[in-house]
Amino acid sequence: MTDAPHTPNAAVSANQQWGGRFAAGPAAVMQEINASIGFDQRLWRQDIAGSLAHAAMLAHCGIIQPSDEGDIARGLEEIAAEIESGRFPFAVALEDIHMNIEARLTERVGEAGKRLHTARSRNDQVATDFRLWVRDAIDGIDAQLADTMRALATRAAAHAADPLPGFTHLQTAQPVTLGHHFLAYVEMLSRDRGRLADCRRRMNESPLGAAALAGTSFPIDRHMTARALGFDRPMANSLDAVADRDYALEFLAAAAISAMHLSRLAEEIVIWCSAPYRFIRLSDAFTTGSSIMPQKRNPDAAELVRAKTGRINGALIALLTVMKGLALTYAKDMQEDKPPVFETADAWALSLAATAGMVRDLSPDTARMREFAGSGFATATDLADWLVRTLKLPFRTAHHVTGRLVAKAEAKGIDLAGLTLAEMQAEESGITADIFSVLTVEASVASRLSYGGTAPLRVAEQAARWLAALQ
Ligand code: ARG
């Protein structure tokens with residue numbers, strides 16, 4: 001959403017010492033630093049929902065007349081339509097979304113509008129609105145995480161048996177399958193969803209009715225408003241209700257961890273579609289050209305997903321820093337809670353959409369992946385395991401024998417399977433021709449049948465399990 005119109009008070013002259021930037025004096029500066037309407041107008045739906053619930057409760061409890069509630073509800077619905085259609089006159093002078101809507105309500109329905117703020121403060125109002133907003137954001141992000149997981153699991157099922165070089169230290173380690181690799185991210189994103197679900201469960205309590213900080217002398221029904229807004233219960237302590245923003249921090253922390261996951265996948269996409277690798281190709285839909293080098297296909301979307309992590313990490317640190325050291329309860333510092341959360345929700349949603357898009361778009365060069373999966377002595381561990389299994393050598397001894405065979409092959413510029421049986425037997429006399437059966441990439445991955453292992457059989461099982469779970 002765009003910034004609210006900025007209307008400095010031109011009637012007041014700028015301060016001589018520091019007012020150069022300002023068309024007007026201190027009042028304009030005060031207004032500019034104080035106003036949050038430029039960003040918190042994003043809370044308008046939640047603010048109206050909260051006010052509707054509050055007014056209904058006030059009438060139910062006999063605190064306002066039913067006719068007042070009727071006027072308030074009608075006015076708020078008209079305001080919703082105005083905002084929806086871009087006709088609402090947002091005013092910086094009215095500071096924030098709460099006062100903009102309340103002032104407009106009174107303009108529209110008169111006296112009844114002035115009764116809405118009975119037994120309420122902007123402190124419990126903003127805490128309620130923001131919880132509702134974060135809760136909606138969680139639900140939206142959760143659906144996108146599920147969609148990204150579906151994209152990954154679908155590719156995993158199709159490539160359950162296609163070999164990919166598995167790396168540690170970005171050095172060839174052991175062959176794995178592409179499907180197994182995709183499913184690793186499915187697991188990570190599933191935990192990201194778990195963190196969001198935890199956050200949602202904990203945060204789903206209503207601050208409404210805590211009023212400024214101490215509660216209210218009016219006979220309100222906080223259970224009623226909590227229920228109406230889909231909260232599990234009212235918060236039990238009015239000071240806590242207006243003072244804490246831990247739910248926003250949990251959201252940001254969950255975002256930072258998830259963005260880190262997306263960033264790692266993005267980095268792999270960047271590496272995999274680089275010219276020396278050419279493991280995958282992204283279509284025109286997810287690449288850009290260079291203005292000078294005609295051959296370039298740049299994976300900008302992946303790079304930007306990788307980079308968004310910076311903003312999201314920054315947002316977490318920003319809000320942690322805003323909140324630390326604030327004496328209870330509310331302080332205006334807390335108005336700065338919103339931009340980091342909005343920015344994070346936007347960046348996270350965009351990153352997920354781009355990631356799901358790239359996962360669906362990319363075309364793997366499975367032949368090339370297979371070729372590299374077998375290079376770099378990737379099946380050396382299989383050879384050592386054969387020595388342990390067949391000749392009953394201790395693993396440490398088998399490791400040494402294999403190391404000498406790798407050195408021998410390396411010196412000759414060939415693969416392990418290129419050594420003759422005689423050359424192998426020169427290092428370990430018990431070796432038989434059977435050893436060659438474990439040195440292929442296919443045999444290597446097929447043998448990794450342990451639960452959670454990369455054997456195509458296991459990968460297909462896991463992909464099917466995820467696809468069923470993500471229906
Ligand atoms: N715009 C304010 C915020 O976001 C609303 C709460 C104002 N409360 C107050 N006591 N000034 O924090």
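Ligands are counted one by one from 1 in listed order, and the atoms in each one are counted from 1 as well.
For residues 321-333, the salt bridge (charged side-chain N to carboxylate O under 4.0 Å, His left out) pairs, not counting sequence neighbours, are Glu95-Lys332.
Ring planes of Tyr277 and Phe167: perpendicular class, angle over 60° (limits at 30 and 60°). Ring geometry for Phe279 against Trp272 counts as tilted: the plane angle lies between 30° and 60°, on a 0 to 90° scale.
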Dump all N/O pairs between ligand 1 and the protein below 3.5 Å as a table: atom names plus distance, one pair per row.
residue	atom	partner	partner atom	Å
ligand 1	1 (N)	Ser36	OG	3.4
ligand 1	1 (N)	Asp96	OD2	2.8
ligand 1	1 (N)	Gln335	OE1	2.7
ligand 1	4 (O)	Lys338	NZ	2.6
ligand 1	8 (N)	Asn123	OD1	2.9
ligand 1	10 (N)	Asn123	OD1	3.0
ligand 1	12 (O)	Tyr330	OH	2.3

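For Arg465 and Glu187, the salt-bridge test passes: some basic side-chain N is under 4.0 Å from an acidic carboxylate O.
Aromatic rings of Phe88 and Trp44 (six-membered ring for Trp) have centroids beyond the 6.0 Å cut-off, not under it. Under the 6.0 Å cut-off for aromatic ring centres, Phe182 and Trp466 do not qualify, their centroids lying 6.0 Å or more apart.
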